2 protein chains.
Amino acid sequence: MADREKHPNTPRITKNARLVLDILRQVGQPLTAYEVLDRIRPQGITAPTTVYRALERLVECGLIHRLETLNAFVSCGREEVHGPSAIAICTDCHGVIEMQNDAVPGYLYGWAETKDFTVTSLTIEILGQCSQCRIKPEPNVDSE
Amino acid sequence: MADREKHPNTPRITKNARLVLDILRQVGQPLTAYEVLDRIRPQGITAPTTVYRALERLVECGLIHRLETLNAFVSCGREEVHGPSAIAICTDCHGVIEMQNDAVPGYLYGWAETKDFTVTSLTIEILGQCSQCRIKPEPNVDSE
DNA sequence: AATGTTATGTTATATTATATCATCATTTAA
DNA sequence: TTAAATGATGATATAATATAACATAACATT
Ligand SMILES: [Zn+2]
Ligand SMILES: [Zn+2]
Ligand SMILES: [Zn+2]
Ligand SMILES: [Zn+2]
């Protein structure tokens, strides 16, 4: 995980963005803005606005991703800063698997072009169950 | 647009679902649940719950799609009931273009399989500007 | 120091979504 | 043909997510 923070043409990482990024990286799983807020309160942050500003900045930097299907944010799982990529999210354990290539975005950009559509953002999310959670299901299943 | 309402293994279309579906089809563009509510008030519907229930049902029937990036719902643009498909959404005019093939979902299912990930839902959304809106930009642009 | 700019803090509010429980309608079966 | 069960609707309240608006602080440039 190189020095992505210094990538050009990207907003700089401010104090609050740093705090939020550290939390998301440490957790390694998606957190909602309010879950971030709860974990950042000890640092004196009390307002959603503050968290949302930091999250927005980190998204712009490409250091985290917003998951539209969860209304949550997760730190990027790829080595280099990149454009949109597909992300699979386990609805049981909230683990994420980020696709390491740009095949799907590439296809979508191509298709958009044929429609004369100018892409500003792509969202590709897969909800389901990871292998671990399929093997070991949630304890509270009704065994009927 | 055939008799998709009678598709098997799918919830039936109740009175409220019918009302909501008619609105979404007539509008032809994404509406939020509360925008639907506003338009359905004349029919005596007053509560968000009622609208969300109808929307959920229609999604299950495959007659409408939920757009995660807009928190909105739009009537399906394909001829036959289908699985997930990619949807481009113009952020200016809110027009939508639904991809008419399943190439991307197919690829994603395949990839998920290689990760031993069981897919329950796919979200593929493209935000940007349609050709019309690129030609004729919003009037309130600062011409500086 | 004065100025402009960016980041942060603070308060309030808007928007989106669900929980809960009561009532009504429709089906099923005794 | 009623009683029970099921499914749909209605009604109220509240939870969860997100932004608006404005004030202050930090920082850079001159
Ligand atoms: Zn990433
Ligand atoms: Zn899992
Ligand atoms: Zn469709
Ligand atoms: Zn448009």
Side-chain angles (χ1 to χ4, degrees), chain A residues 5 9-24 29-61 63-74 89 91 94 121 123 125 127 144, chain B residues 5 9-24 29-61 63-74 89 91 94 121 123 125 127 144:
Chain A
E5 288 81 351
N9 281 345
T10 225
R12 74 189 174 80
I13 298 187
T14 60
K15 176 170 142 283
N16 288 343
R18 180 86 254 162
L19 292 172
V20 169
L21 180 59
D22 288 345
I23 286 169
L24 285 177
Q29 290 200 336
L31 295 180
T32 68
Y34 282 81
E35 287 169 343
V36 171
L37 178 55
D38 284 341
R39 291 168 190 250
I40 214 182
R41 270 184 212 284
Q43 323 296 327
I45 305 295
T46 65
T49 311
T50 307
V51 174
Y52 278 103
R53 284 199 279 234
L55 290 168
E56 180 185 30
R57 179 174 293 261
L58 292 168
V59 168
E60 285 168 2
C61 293
L63 296 172
I64 69 173
H65 299 297
R66 183 193 162 94
L67 305 179
E68 296 287 350
T69 48
L70 295 187
N71 293 320
F73 301 82
V74 68
I89 307 150
T91 50
H94 293 133
S121 80
T123 300
E125 295 176 21
L127 292 185
E144 175 72 13
Chain B
E5 287 82 351
N9 280 345
T10 225
R12 74 189 175 80
I13 298 186
T14 59
K15 175 170 142 286
N16 288 344
R18 180 85 252 163
L19 291 173
V20 169
L21 179 59
D22 288 345
I23 286 168
L24 285 177
Q29 290 200 336
L31 295 180
T32 68
Y34 282 81
E35 287 169 344
V36 171
L37 178 55
D38 285 341
R39 292 168 190 251
I40 214 181
R41 270 184 212 285
Q43 323 297 326
I45 304 296
T46 65
T49 311
T50 306
V51 174
Y52 278 102
R53 283 198 282 233
L55 289 169
E56 180 185 30
R57 179 174 293 262
L58 292 168
V59 169
E60 285 167 2
C61 292
L63 296 173
I64 68 172
H65 300 298
R66 182 192 163 94
L67 304 180
E68 296 286 350
T69 48
L70 296 187
N71 293 320
F73 301 83
V74 68
I89 306 149
T91 49
H94 295 133
S121 79
T123 300
E125 296 175 19
L127 293 186
E144 176 68 17

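From a predicted model like this one, the values you see are computed outputs, not experimental measurements. Letters go in sequence order (proteins before strands), and every chain restarts at 1.
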Asks: Which of these nucleotides, D:dA18, D:dT12, D:dT9, is closest to any side-chain atom of A:Arg66?
Replies: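 Shortest atom-to-atom distance from the side chain points to D:dA18.
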Asks: Closest to the B:Pro48 side chain: C:dT18, D:dG10, D:dA18?
Replies: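 Nearest nucleotide to the side chain: C:dT18.
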Asks: Would you indicate which nucleotide in D:dT12, D:dT19, C:dA7 comes nearest to any side-chain atom of A:Tyr52?
Replies: D:dT19
Asks: Separation of A:Ile40 atom CD1 from C:dG9 atom C1', in whole Å?
Replies: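 Whole-Å distance recorded here is 13 Å.
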Asks: Using heavy atoms to find the nearest nucleotide of DNA chain C for B:Phe73 and A:Thr50 separately, return the residue whose nucleotide is more 5′.
Replies: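 Nearer the 5' end of the strand: A:Thr50.
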Asks: Hey, could you give me the CD1/CZ distance between A:Ile23 and A:Phe73, rounded to the nearest 0.5 Å?
Replies: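 One gets 13.5 Å once the value is rounded to the nearest 0.5 Å.
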Asks: Give the rounded distance in Å between these two atoms: CD1 of B:Ile45 and C1' of D:dT12.
Replies: 15 Å
Asks: Can you figure out which of C:dA7, D:dT19, C:dT18 approaches the side chain of A:Thr49 most closely?
Replies: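 Ranking C:dA7, D:dT19, C:dT18 by closest atom to the A:Thr49 side chain puts D:dT19 first.
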Asks: Using a cut-off of strictly less than 4.0 Å, decide whether A:Arg53 has a side-chain nitrogen or oxygen near OP1 or OP2 of C:dT6.
Replies: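 Answer is no, no contact under 4.0 Å.
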Asks: Can you measure B:Arg57 atom CZ to D:dT9 atom P for me and round it to whole angstrom units?
Replies: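 After rounding, the reported distance stands at 6 Å.
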Asks: Could you give the CZ-to-P distance, from B:Arg18 to D:dT9, as a whole number of Å?
Replies: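 Whole-Å distance recorded here is 13 Å.
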Asks: Whole angstroms only, please: what is the CD-P distance between B:Gln43 and D:dG10?
Replies: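 Going from CD in B:Gln43 over to P in D:dG10 covers 11 Å.
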Asks: For A:Ala33, report the nucleic acid contact type (base, sugar-phosphate, nothing); a contact means any heavy atom under 4.0 Å.
Replies: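 Nothing, no nucleic acid heavy atom in range.
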Asks: A:Leu55 CG to C:dT8 P: how many Å, rounded?
Replies: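 Checked: the CG to P distance equals 13 Å.
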Asks: Enter the distance from A:Thr32:OG1 to A:Leu70:CG here, rounded to the nearest 0.5 Å.
Replies: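 CG of A:Leu70 is found 10.0 Å from OG1 of A:Thr32.
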Asks: Can you check the B:Asn16 CG to D:dG7 P distance for me, whole Å?
Replies: 17 Å
Asks: According to a cutoff of under 5.5 Å between the ring centres and under 30° between the ring planes, does B:Tyr34 stack with the base of C:dT16?
Replies: yes
Asks: Is there a side-chain contact between A:Leu24 and A:Val74 (heavy atoms, below 4.5 Å)?
Replies: no
Asks: Looking at C:dT11, D:dA11, D:dG10, which one has an atom nearest to any side-chain atom of B:Thr46?
Replies: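 Among C:dT11, D:dA11, D:dG10, the one nearest the side chain of B:Thr46 is D:dA11.
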Asks: May I ask you to verify if any side-chain N or O of A:Asn71 is less than 4.0 angstrom from the OP1 or OP2 atom of D:dA18?
Replies: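 Yes, A:Asn71 has a side-chain N/O under 4.0 Å of OP1/OP2 on D:dA18.
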Asks: Under 4.5 Å between any side-chain heavy atoms of B:Thr14 and B:Arg12, yes or no?
Replies: yes
Asks: How about A:Leu37 and A:Arg41: do any of their side-chain heavy atoms sit closer than 4.5 Å?
Replies: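 Heavy-atom side-chain distance check passes, below 4.5 Å.
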Asks: For C:dT8 and A:Thr14 - does any side-chain N or O of the residue sit under 4.0 Å from the phosphate oxygens OP1/OP2?
Replies: yes
Asks: Rounded to whole angstrom units, what separation is found between the CG atom of A:Leu58 and the P atom of C:dA7?
Replies: 12 Å
